[in-house]
Amino acid sequence: GPDAADYVTPQQQLVIFKLYEKLCRGIQVRKHGLTGKPRTRFLSCDENMTRLFWRSDAQSAQDSADGVLRVSLGFGSKQDSDREFMLHEIKEVCDDLSTVVMQRSLAKGYVVRRDNVRGVFAPGIVSVILADRTVDFEVELDDWEVLYHAFKILVHFYQNIKPKLATRAV
């Protein structure tokens, strides 16, 4: 909302704006899951940057951004709702291999573990922790920097600042 700009620094606003620009164009990612090999997907958002989604091709991602609904009829196939989440639902974001999904990918050899002064580091990994699941992506390092830092800013905003704004408005 209009109050949000009062609670994030100009630098944080710039990071979030860069994220919005990248997501509007679509970011190519490798989506890691609980089964199968990681798959190339296109990460995008709606025009209000409230909903994040990934699709198998750039056009499908654009259709989702435009509000085009698709129905999947295949047995055991995922619905579009399984391939998206609301940004305010993010509980935490990490860039290591700590999630069950990334531990599986590490064991299968889909990602490479590296260590640095912080501990385990996996270049280009962004794991989004939601209440009921994790969503794990591998991205190019220039996209990683924006995704990771913008998600961290948004988590802080939605968990710490937004609730205070809501109680103040009552």
From the list L130, D46, T50, side chain to side chain contact (heavy atoms under 4.5 Å, CB included) partner of M86 resolves to T50

Identify the heavy atoms of [X] and [Y] that sit nearest to each other, and give their distance.
X    : Y    : answer
M102 : V111 : CE-CG1, 3.7 Å
D96  : S98  : OD1-OG, 2.7 Å
Y20  : C45  : CD1-SG, 4.1 Å
T99  : S127 : CG2-CB, 3.7 Å
R104 : Y110 : NH1-CE1, 3.9 Å

Can you tell if the side chain of [X] reaches within under 4.5 Å of the side chain of [Y], non-hydrogen atoms only?
X    : Y    : answer
I16  : F157 : no
I129 : C94  : yes
I153 : L19  : no
F151 : L52  : yes
R83  : W54  : yes
K37  : R30  : no

Any chance NZ of K152 has more than 12 other-residue heavy atoms, nucleotides or ligands included, within less than 6.0 Å? yes

Any side-chain to backbone donor/acceptor pair from [X] onto [Y]? Under 3.5 Å, distance only.
X    : Y    : result
R41  : V29  : no
Q159 : K91  : yes
E89  : A131 : no
W144 : I125 : yes

Quick one: NE2 on H149 to NZ on K18, what's the gap to the nearest 0.5 Å? 11.0 Å

When rounded to the nearest 0.5 angstrom, what distance separates NZ in K31 from CZ in R55? 12.0 Å

Taking only residues two or more places apart in sequence or in another chain, which ones pass side-chain contact (heavy atoms from CB on, under 4.5 Å) with D142? K22, E140

Step by step, work out the side-chain contact (heavy atoms from CB on, under 4.5 Å) result for I90 and L87. CA-CA 6 Å; I90 300 174; L87 286 171; 3.9 Å; yes

The salt bridge (charged side-chain N to carboxylate O under 4.0 Å, His left out) partners of E145 (sequence neighbours excluded) come to none

